[in-house]
Enquirer: 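Below you will find the structure I want to go over with you.
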Amino acid sequence: MDTQGSPYASGPPSRRGDDAPKGANPLRRTSDRFEYWFRRVLMVVLFVGLPTASLSAGLASYQASMGTVRAQAAERHQVTARLASAVKGDDWAKRPAQVRWTDADGTARTGAALVKPGTPKGATVRVWVDQNGTVTTAPTTTLNATAGGMLIGGMTAFGLAAGTCTAWAGMSRVLDRRRYAQWDAEWDLVEPRWSARFRR
């Protein structure tokens, strides 16, 4: 009896798919190839684009904030003022109070500044004023600019990572729905012939 081609024949099994290109998988669908390359693109975006985008956004925010720091430092300065009246209260929250001071050119000025409760009348306080002699807030510091840059950079990184994960999940869902629809259509063609074998 010729044993060639028999499943019980000795020797190595016959090779199949020798005519297929190297690395090709006959079971791989177009959607599988698209998913493969889309995943690679997302990985490049995640590992290359994420640090680049977050660093660029953080540096841009830092440089913009440093411009504000320099401008406010040039426009604002501190003066020593005296309270026009006592600030009543015993809590920790500062309250606005009337203060008086004299500019470098001898001009007497008044304004409202936040002072701790319990400060007596005539006590000296340090207040920030602008070039027009108006009481204002303390200028932004380098620490504020650094913290702002880090915050913007972190938010950019989180947003890009979340967008990448969302794109991956959405793409997988769309492809899976398409695959299930193809499987259903193919099964509708095969199922009648498959079931007919058992009705004979």
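Throughout, residue positions are numbered sequentially from 1 according to the sequence presented.
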Enquirer: If every non-hydrogen atom of Ala84 is compared with every non-hydrogen atom of Arg100, which pair is closest and at what distance?
Expert: CB-NH1, 3.3 Å
Enquirer: Ring of Tyr36, cation from Arg40 - is the NZ or CZ under 6.0 Å from the centre and inside 45° of the axis?
Expert: yes
Enquirer: Give a yes or no on whether the backbone of Gly106 and the side-chain of Asp103 come within a donor-acceptor separation of less than 3.5 Å.
Expert: no
Enquirer: Under 4.5 Å between any side-chain heavy atoms of Leu160 and Val45, yes or no?
Expert: yes
Enquirer: Quick one: does Val99's side chain get under 4.5 Å of Thr110's, heavy atoms only?
Expert: no
Enquirer: Heavy-atom distance under 4.5 Å between the side chains of His77 and Val79, does that happen here?
Expert: yes
Enquirer: Out of curiosity, Arg82 CZ to Trp101 CH2, how far, rounded to the nearest 0.5 Å?
Expert: 14.5 Å
Enquirer: How long is the gap from CG on Leu151 to OG on Ser61, to the nearest 0.5 Å?
Expert: 8.0 Å
Enquirer: When rounded to the nearest 0.5 angstrom, what is the spacing between SG in Cys165 and CG in Leu46?
Expert: 7.0 Å
Enquirer: Please determine whether the number of non-hydrogen atoms from other residues, nucleotides or ligands lying under 6.0 Å from atom CZ of Arg179 exceeds 12.
Expert: yes
Enquirer: Do we see a donor-acceptor contact under 3.5 Å between the side chains of Arg109 and Thr102?
Expert: no
Enquirer: Is the CH2 atom of Trp37 crowded by more than 12 outside heavy atoms at less than 6.0 Å?
Expert: no
Enquirer: Could you report the tightest heavy-atom contact between Val135 and Ala112, atom names first, then the distance?
Expert: CG1-O, 3.4 Å
Enquirer: Any side-chain to backbone donor/acceptor pair from Asp105 onto Thr107? Under 3.5 Å, distance only.
Expert: yes
Enquirer: Looking at every non-hydrogen atom in both residues, tell me the closest pair between Ile152 and Ala57 and how far apart they are.
Expert: CG2-O, 3.8 Å
Enquirer: Under a 4.5 Å side-chain heavy-atom rule over Ile, Leu, Val, Met, Phe, Trp and Tyr, are Leu175 and Phe38 clustered together?
Expert: yes
Enquirer: Within the distance-only criterion (no hydrogens, no angle test), does the side chain of Ser172 pair as donor or acceptor with the backbone N or O of Ala169 below 3.5 angstrom?
Expert: no
Enquirer: Can you tell if the side chain of Thr119 reaches within under 4.5 Å of the side chain of Leu83, non-hydrogen atoms only?
Expert: yes
Enquirer: Taking atom CZ of Arg76 and atom OG1 of Thr134, what is their separation to the nearest 0.5 Å?
Expert: 11.0 Å
Enquirer: Quick one: closest heavy-atom pair of Ser54 and Gly153, and the distance?
Expert: CB-O, 3.2 Å
Enquirer: To check you understand the geometry: which heavy-atom pair defines the closest contact between Val115 and Ala97, and what is its length?
Expert: CG2-CB, 4.1 Å
Enquirer: Any donor-acceptor pair under 3.5 Å linking the side chain of Gln72 with the backbone of Thr140?
Expert: yes
Enquirer: Atom CG in Leu50, atom OG1 in Thr164: separation rounded to 0.5 Å?
Expert: 7.0 Å
Enquirer: Can you name the one residue among Thr142, Thr141, Thr146 that meets side-chain hydrogen bond (donor to acceptor under 3.5 Å, both in side chains) with Asn144?
Expert: Thr141
Enquirer: Ser56 side chain to Thr52 main-chain N or O, any donor-acceptor pair under 3.5 Å?
Expert: yes
Enquirer: Nearest 0.5 Å, what's the CZ-CZ distance between Arg178 and Phe34?
Expert: 9.5 Å
Enquirer: Walk me through whether Glu35 and Trp168 qualify under side chain to side chain contact (heavy atoms under 4.5 Å, CB included).
Expert: CA-CA 9 Å; Glu35 183 178 7; Trp168 166 251; 3.7 Å; yes
Enquirer: Is any side-chain heavy atom of Lys116 less than 4.5 Å from a side-chain heavy atom of Val87?
Expert: no
